[in-house]
Amino acid sequence: MTVRVRFAPSPTGLLHVGNLRTALFNWLFARHHGGRFIVRVEDTDRARLVPGAVEYMLEALRWLELDWDEGPEVGGPHAPYVQSERLDLYQGLARRLVDEGAAYECYCTPERLEALRREQAARKEPPGYDRRCRTPEGREQARRENPGGRPVVRFAIPLEGTTTVHDLIRGDVTFENARLDDFVMLKSDGFPTYHLAATADDHVMEISHVLRGEDWLASTPRHLLLYRALGWEPPRFAHLPMILGKDRAKLSKRHGATEALAYRDQGYLPEALFNFLGLLGWSLDDKTEIISREEFVRHFDVDRIGRNPAIFDMEKLTWMNGVYIRQMPPHRLAAVLAEWLERDLPPEVPRPLDRAYVERMVPLIQERIKLLSEAAELTAFFFTPGVPAYDAALLLGKRFQDRPAEALRALETAVARLRGVDAWDAAALEAVLRPLAEELGLKAGDLFGVVRVAVTGRTVAPPLFETMEVLGRERCLERMEAALGRLAALAR
RNA sequence: GGCGCAUUCGUCUAGCGGCCCAGGACGCCGCCCUCUCAAGGCGGAGAUCAGGGGUUCGAAUCCCCUAUGCGCCA
């Protein structure tokens, strides 16, 4: 059987990471089985439509590199892939089911339905339509009460029996038909509800497997009944576990970012999010955490999808992002970081940045950042012209806290020796400064600390000698001279 | 309220009757490495496998009940 799966988002806002995970699983399933991955826009809820939402969602899929074989932009044999452009299909099917007696028109007014609900609630009965319009007599009565009103079309659920969903993840789940109510398939405005539209499209588009969120499990018996009424073979279903926030409630804004592209904007790598999301509800074995896209495709299948809801652990995602940053070829990281730096470095830094300089700097921070967004702050001193601003007291650190004169003498000596260095590379610099510390009776760290602050303006920075090498002789000496002045002022 | 799904360290999970007085990872703590910070290495704390009944020579694994969480229906 050819595998054909679909990702069918509603363009009602931004793309939630939970939906992105669903998209990812569908994509992986398709790629693993050499099938087709289809994107379909489910825009039949006109009240909740958000302009631009489709583009945003497609952008998120592209960012994760989840390419689709059929759908918006690429077309396909079952175009259009936008439900609002397929109304004829749904209306025809609704009419057919009405003609065949499997569905009926309902003229009940919203007011009556509301009153019905209230009564049911008062009597502590489960809510649901009372099927008044299912009989010709009831329908006539409703029509008289609602003159000129346009009917909805409801599906006539079998009054007896059971329907069982053969879920690929959960096994058989059986529902009593009597508990299902006659749901609306076609609204009075001629638009289908999700139940009809999804069922119709899944059949017409020859979808073989429906991988969707667990929140749809309870609707599946309705869909199965629809397939049966239409004489269609249903696809296989697999309901994916939900993704929750820290408090075990459905993941929402309160838990941090929920929209897919917010992760891009916060400095996460698509491959890291891909890996992380792929492991939310699926596992390869008992130890593998870092999995390449190719390995995912090679191994992914529904049999290792879990059944329990997962809490989205941002800290683990961040750790994983660090792993991927460290794994990147330095030149690629440099290319990516260059864009962030162009944007985030302080305004006094001249643009465009010297790309070769960025390339030399990047290896020094590669294993020190977990987010791309951290680079600018950490490396600003490489780029700011002149002497960086910092609190002069930092030069003293702990060792020279009460002895600025000693610090001054040490830095003076260091500068003097450094002036004699021609080959300004890390090894040469270390060869000068390390023995000097001993000569001055200082611990290496204490001497290096003064120099670090002088040269970078910070107490925490990449390794000193490599940093100095990249900064270059002139910049280092200029900054150390400036520091001498500041130490002298402190010593006075 | 009804129906449904789920329940293994704080979190993601491995486990599909004996290999488990439960393994890995994140996070946390300690040590090592070390010019700061990271990264890395080593080690540690952390789960009476939600609770209770069964089935079985033997259960985290099978069955039942309860509890809790979540979902759907309005």
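Below, chain A is the first sequence line, B the second, and so on; all start at residue 1. Just so you know, these numbers use all the heavy atoms, side chains as well, and skip hydrogens, waters and symmetry mates.
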Item checked: Salt bridge present between A:E374 and A:K370 (N-O < 4.0 angstrom) -> no
Check: Just wondering, are more than 12 heavy atoms of other shown residues or ligands nearer than 6.0 Å to CZ in A:R48?
Finding: no
Next item on the list: Could you tell me the separation between the CD atom of A:Q120 and the P atom of B:G2, rounded to a whole number of Å?
Entry: 14 Å
Next item on the list: With C1' as the reference atom in both, quote the distance from B:C37 to B:G43 in angstrom, rounded to an integer.
Entry: 23 Å
Checklist line | Within 45° cone of A:Y390 ring axis and under 6.0 Å: A:R486 NZ or CZ | finding: yes
Checklist line | Whether over 12 other heavy atoms sit under 6.0 Å from A:R458 CZ | finding: yes
Margin query: Using a strict heavy-atom distance below 4.0 Å, which residues from residues 157-173 of chain A are in contact with RNA chain B?
Written below: A:R170, A:V173
Notebook entry, point to check: Could you give the CD1-to-P distance, from A:I243 to B:C70, as a whole number of Å?
Noted result: 17 Å
Next item on the list: Under a 3.5 Å limit for both distances, which nucleotide forms a Watson-Crick or G-U wobble pair with B:C57, could you say?
Entry: B:G18
Check: Can you tell me how far P in B:G4 sits from the matching atom in B:C42, rounded to whole Å?
Finding: 50 Å
Item checked: Salt bridge present between A:E114 and A:R118 (N-O < 4.0 angstrom) -> yes
Check: Among A:F274, A:W63, A:Y263, A:W319, whose ring-ring contact (aromatic ring centres under 6.0 Å, His included) with A:Y268 holds?
Finding: A:Y263
Notebook entry, point to check: Does B:U34 have a Watson-Crick or wobble mate here (both distances under 3.5 Å), and if so which one?
Noted result: none
Item checked: Pairing nucleotide - B:A39, Watson-Crick or G-U, each distance under 3.5 Å -> none
Next item on the list: Scan A:F183 against the nucleic acid and name what it touches under 4.0 Å (heavy atoms): base, sugar-phosphate only, or nothing.
Entry: nothing
Item checked: A:L211 versus A:T22, closest heavy-atom pair with distance -> O-CG2, 3.6 Å
Margin query: Please compare A:H195 and A:P127 by the position of their nearest nucleotide in RNA chain B and report the one closer to 5'.
Written below: A:P127
Notebook entry, point to check: When rounded to the nearest Å, what value does the distance between C1' atoms of B:C73 and B:U13 take?
Noted result: 32 Å
Next item on the list: Could you identify which residues of residues 102-116 of chain A place a heavy atom less than 4.0 Å from some atom of RNA chain B, listed by residue number, or say none?
Entry: none
Next item on the list: Give every residue pair that meets the salt bridge (charged side-chain N to carboxylate O under 4.0 Å, His left out) criterion with at least one member in residues 393-421 of chain A, sequence neighbours excluded.
Entry: A:R399-A:E406, A:R399-A:D446, A:R403-A:E406, A:R417-A:E439, A:R419-A:E481
Next item on the list: Please report, rounded to the nearest Å, how far the P atom of B:C5 is from the CG atom of A:L240.
Entry: 16 Å
Next item on the list: For B:C65 and B:C29, measure between their C1' atoms and round to the nearest Å.
Entry: 42 Å
Next item on the list: Just name whichever nucleotide pairs with B:C5, Watson-Crick or G-U, keeping both distances under 3.5 Å, else none.
Entry: B:G69
Margin query: Could you tell me how far B:G53 sits from B:G41 if I compare only their P atoms? Round to whole Å.
Written below: 45 Å
Check: Atom CH2 of A:W216 to atom C1' of B:C72: distance rounded to whole Å?
Finding: 10 Å
Next item on the list: Classify the angle between the aromatic ring planes of A:F382 and A:Y357 as parallel (below 30°), tilted (30 to 60°) or perpendicular (above 60°).
Entry: perpendicular
Margin query: Between A:R304 and A:D285, does any NZ, NE, NH1 or NH2 come within less than 4.0 Å of an OD or OE carboxylate oxygen?
Written below: no
Next item on the list: Name the orientation class of the two ring planes belonging to A:F296 and A:W282 (parallel below 30°, tilted from 30 to 60°, perpendicular beyond 60°).
Entry: tilted
Checklist line | Base partner of B:C26, which must satisfy Watson-Crick or wobble distances under 3.5 Å | finding: B:G10
Notebook entry, point to check: Angle class for the A:H195/A:H223 ring planes (parallel below 30°, perpendicular above 60°, tilted otherwise)?
Noted result: tilted
Notebook entry, point to check: When you measure from every atom of RNA chain B, which of residues 287-308 of chain A have a heavy atom less than 4.0 Å away?
Noted result: A:K287, A:E289, A:R304, A:R307, A:N308
Item checked: For B:C49, the Watson-Crick or wobble counterpart (both distances under 3.5 Å) -> none
Check: What does nucleotides 31-45 of chain B look like as a protein-contact string, B for base, S for sugar-phosphate only, - for none, at under 4.0 angstrom between heavy atoms?
Finding: ----BBBBSS-----
Next item on the list: Could you state the atom-to-atom distance from CG of A:L284 to P of B:C12 in whole Å?
Entry: 19 Å
Check: What residue among A:T44, A:T199, A:D201 forms side-chain hydrogen bond (donor to acceptor under 3.5 Å, both in side chains) with A:Y90?
Finding: A:D201
Check: Roughly how many Å is it from NZ in A:K316 to P in B:U11, rounded to a whole number?
Finding: 13 Å
Item checked: A:R21 charged N/C atom sitting above A:F25 aromatic ring, 6.0 Å / 45° -> yes
Margin query: Before we go on, tell me: are the rings of A:W216 and A:F237 under 6.0 Å apart, centre to centre?
Written below: no
Notebook entry, point to check: What integer distance in Å separates A:L244:CG from B:G10:C1'?
Noted result: 15 Å
Next item on the list: Tell me which residues in residues 272-283 of chain A put a heavy atom below 4.0 Å from RNA chain B, sorted by number, or none.
Entry: A:L279, A:L280, A:G281, A:S283
Check: Do the ring planes of A:F312 and A:F276 sit parallel (below 30°), tilted (30 to 60°) or perpendicular (above 60°)?
Finding: perpendicular
Next item on the list: Measure the distance from CG on A:N177 to P on B:G2 and round it to the nearest whole Å.
Entry: 20 Å
Item checked: Reference residue A:V184; test side chain to side chain contact (heavy atoms under 4.5 Å, CB included); the match among A:L196, A:T193, A:V153 -> A:T193
Next item on the list: Taking atom C1' in both B:G46 and B:G23, compute the distance separating them and give it to the nearest angstrom.
Entry: 14 Å
Notebook entry, point to check: What integer number of Å spans the P atoms of B:A22 and B:C9?
Noted result: 14 Å
Next item on the list: Take atom C1' in B:A39 and the same atom in B:U11, then report the distance between them in whole Å.
Entry: 23 Å
Item checked: Note, A:E289 side chain near A:L279 side chain (heavy atom, < 4.5 Å) -> yes
